[in-house]
Amino acid sequence: MKVNTDDFNRIVGLNIEVKRKRAKMTLEELAEKLDVTSRTIQNYEKGKGLSIIVIYKLMKVFNCELDEFFLDLDATLRV
C-alpha cells in the first residue's frame with residue numbers, strides 16, 4: 001500500500017495524540033516538556049511541523065522506540 005506524505009504525517013500525528021492521552025497528559029503538559037506552546041503540540045498531532053528532532057524528543061518523553069510513531073492507527077489503537 002502506497003502512503004502519501006500527508007497521510008504519513010497524519011498517522012504520526014495521531015500516534016502522538018494517542019501516546020499523550022494514554023500518558024494522561026494535557027496539551028499544556030506535553031508542551032512544557034518540549035518547551036513549545038500547546039498550539040505547537042496541536043499542530044504536531046495534526047501532522048504539521050514534524051521533524052526527526054521533534055520525534056526524537058517525543059521518544060524521550062514517552063520512553064518509546066522510533067517505529068512506534070509510524071505504526072498505522074489501527075495497530076496503535078489495538079495496543
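The first residue of the sequence shown is numbered 1, and numbering continues consecutively from there.
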Open item on the list: Holding to side-chain hydrogen bond (donor to acceptor under 3.5 Å, both in side chains), I want the full list of residues that pass it with S38, two or more places apart in sequence or in another chain.
Closed with: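 Applying side-chain hydrogen bond (donor to acceptor under 3.5 Å, both in side chains) to S38 gives none.
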Could you tell me the separation between the [atom1] atom of [X] and the [atom2] atom of [Y], rounded to the nearest 0.5 Å?
| X | Y | atom1 | atom2 | answer |
| --- | --- | --- | --- | --- |
| N15 | R10 | CG | CZ | 10.5 Å |
| L58 | I16 | CG | CD1 | 5.0 Å |
| I41 | L34 | CD1 | CG | 4.5 Å |

TODO: Enumerate the residue pairs fulfilling side chain to side chain donor-acceptor pair (under 3.5 Å) with a member in residues 58-67, sequence neighbours excluded, ordered by first and then second residue.
DONE: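 For residues 58-67: Y56-K60.
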Open item on the list: According to side chain to side chain contact (heavy atoms under 4.5 Å, CB included), who are the partners of Q42, at least two apart in sequence or on a separate chain?
Closed with: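 Side chain to side chain contact (heavy atoms under 4.5 Å, CB included) list for Q42, sorted by chain: L27, R39.
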TODO: With the side chain counted from C-beta on, respond yes when F62 and E68 share a heavy-atom pair under 4.5 Å apart, and no when they do not.
DONE: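 In short, these two side chains do not touch, never coming nearer than 4.5 Å.
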Open item on the list: With a 4.5 Å cut-off on side-chain heavy atoms, are M25 and V61 touching?
Closed with: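 With C-beta onward as the side chain, the pair touches.
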- [ ] Give the ring-plane orientation class for F70 versus F8, where under 30° counts as parallel, over 60° as perpendicular and anything between as tilted.
- [x]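 Correct class here is parallel.
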TODO: Under the salt bridge (charged side-chain N to carboxylate O under 4.0 Å, His left out) rule, collect the residues that match up with K21, sequence neighbours excluded.
DONE: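 Applying salt bridge (charged side-chain N to carboxylate O under 4.0 Å, His left out) to K21 gives E17.
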TODO: Please report the closest heavy-atom contact between K24 and E29, naming both atoms and the distance.
DONE: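 Smallest heavy-atom distance, with atoms named: O-OE1, 3.8 Å.
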Listed pairs under 3.5 Å, donor-acceptor, residues 44-53 side chains, sequence neighbours left out:
{"residue": "E45", "atom": "OE1", "partner": "R20", "partner atom": "NH2", "Å": "3.3"}
{"residue": "E45", "atom": "OE2", "partner": "R20", "partner atom": "NE", "Å": "2.5"}
{"residue": "E45", "atom": "OE2", "partner": "R20", "partner atom": "NH2", "Å": "3.4"}
{"residue": "S51", "atom": "OG", "partner": "I53", "partner atom": "N", "Å": "3.4"}
{"residue": "S51", "atom": "OG", "partner": "V54", "partner atom": "N", "Å": "3.2"}

Task: CD/E32: more than 12 non-hydrogen atoms of other groups inside 6.0 Å - done: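 No, not enclosed.
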